[in-house]
S.K.: 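Attaching a single structure in structure tokens format; questions to follow.
Side chains are part of it too, since the values below use all heavy atoms of this structure and drop only hydrogens, waters and symmetry mates. So you know, we letter chains A, B, ... as the sequences are listed, proteins then strands, and number each from 1.
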Amino acid sequence: MSPLLDIKEVYYSYHSLEGETETLKKISLSIHKGEFISIVGPSGCGKTTLLSIISGLLKPSKGEVVINKSLIHDTAHCVGYMLQKDHLFEWRSVYSNVLLGLEVARQKTRENLDYIETLLHNYGLQDFKHFKPSQLSGGMRQRAALIRTLALKPEILLLDEPFSALDYQTRLSTADDIGKILKKEGKTAILVTHDIPEAVSMADRVIVLGQRPAEIVKIFTIDLSLRNRTPLASRSAPEFGQYFNAIWKEMASYDH
Amino acid sequence: MITKSSEKQAAFIKNHKKQRMMITLLRLLVLILFIALWEGASNYQLIDAFIFSSPSRILQTLSEMVINGSIFYHTGITLFEILVSFSLGTFLGVLIAILLWWNHQVSKILEPYLVVLNSLPKTALAPILIVWLGHNIKSIIIIALTVSIVVTILNTLNGFHSVDKDKIKLIYTFGGSKMDVLRKVVIPANYANIISTMKVNIGLSLIGVIIGELLAARAGLGYLIIYGSQVFKMDWVMMSLILLALLATGLYQGIVYLEKKVSRYNM
């Protein structure tokens, strides 16, 4: 089976008057359909840059990103992107926020609207459609943001520390919610985080990036002996601690 | 928990109402006292009513002008000039801000000129405009426009630039265009900012219109003030000032009302 997403020797540098800063160095990665990948690394190492490249917002300086055998800029719409904050617009109702993606992509079809109804219903936001975003809890806001992204039926979801603005309690349950939703919808996802337990609890594979310019230092395949794996349940798996320690050591070895 | 009916709560509300009543009464008292002192002083010739006018003379002038209808004519002209220059200033100002936001290059090029224009006392332009456009309503409106438009452009543009970069990125992640960013994020995120610019604008338009009328008008409250002072009809001047104060307050309250409506739906 050929991979859904193929990142081939991607380099990225940005330019400023102070000079050229190399951010990504020779990143190669293949991701299969339905896989959940976590990327961890020191802050400022270029994780967000990598997501921006995968989403087609930035062009790599060298190398290419292939999705479903076509180059990324032809298929930008099949990648959904969740940013650090939910960015629900306060001047719109929850429902109209959820519609934003469809509006912008000009895909407000009957079928897609029905799909949104189903998502709102399944994920407990049906009764809050006409509320203002500020009336929702942090976890509900994040779910609304996820539905906004899912509405466009992306094949790959990019999650850029989407839980970092939440308090610890909400963070655990929202990660659990969103992990379950993505599994249920059969989505491929890439999560960027600097929280190692979060990375391990959600992922099939954890990619460790090094200091800038970021290279892939190591890839851990997470194999937990659990029958029904959910992000929350993963945390009590017997192997969880070992993975945590191994990744921690890996990151500590170049962190100073 | 909030209980609505305890004795202490009732006492608190009663006290609060009493306080508010007190303030309203005292406010009225200040006004009445001021008018009474003014009237009394001119009656007992402590001040010269010919120069300082007096409430009763103002009232008499007002009723004469109401009867012959001329007051509606002058107030109407001034109001018309204010509304036209205010609408034009807001509309063109926001439009130009949008164009400058859209084209970063042009914005950069024009920046120093806008800064100079902003610091220049626009009233200095009034005589030139009158020479160019003549003694008419058109030049008064343009004078008022020059007073308000630069501030509108700069305030609005500033608001546009302070929109959260990630909100803009969000639109691009949906495959949106710059037009989508403008329509879905930049403008809606700036409703409140535009309204507060309008608040400043209504005051500036008023200043602009009165300056224009003082210099070039044949009608309007500004004309009554300058003409009245030239022929020593101070009753006209004082009455026009009072009407102007009422007009300014009314217009400002109109914007405040608009702000409340918008913020109920948007904020």
S.K.: Anything under 30° is parallel, anything over 60° is perpendicular, the rest tilted; go ahead and classify B:H16 against B:F12.
M.R.: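 Taking B:F12 first and then B:H16, their aromatic rings lie parallel (interplane angle under 30°).
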
S.K.: Counting only non-hydrogen atoms closer than 4.5 Å, does A:R106 touch chain B with its backbone (N, CA, C, O), its side chain (CB onward), both, or neither?
M.R.: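 The side chain, not the backbone.
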
S.K.: Do A:Y81 and B:K169 have side-chain N/O donor and acceptor atoms under 3.5 Å apart?
M.R.: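 B:K169 and A:Y81 do have a side-chain donor-acceptor pair below 3.5 Å.
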
S.K.: Between the side chains of A:D167 and A:T170, does any donor sit under 3.5 Å from an acceptor?
M.R.: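 Looking only at side-chain atoms, A:T170 and A:D167 do form a donor-acceptor pair, the distance falling under 3.5 Å.
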
S.K.: What part of B:D180 gets closer than 4.5 Å to chain A, counting heavy atoms only: side chain, backbone, both or neither?
M.R.: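 Answer is side chain: those atoms of B:D180 sit under 4.5 Å from chain A.
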
S.K.: At a heavy-atom separation under 4.5 Å, does A:S52 approach chain B through its side chain, its backbone, both, or neither?
M.R.: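 Only the side chain of A:S52 comes within 4.5 Å of chain B.
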
S.K.: Is a side-chain donor-acceptor pair under 3.5 Å present for A:T193 with A:E161?
M.R.: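 No, A:T193 and A:E161 have no side-chain donor paired with an acceptor closer than 3.5 Å.
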
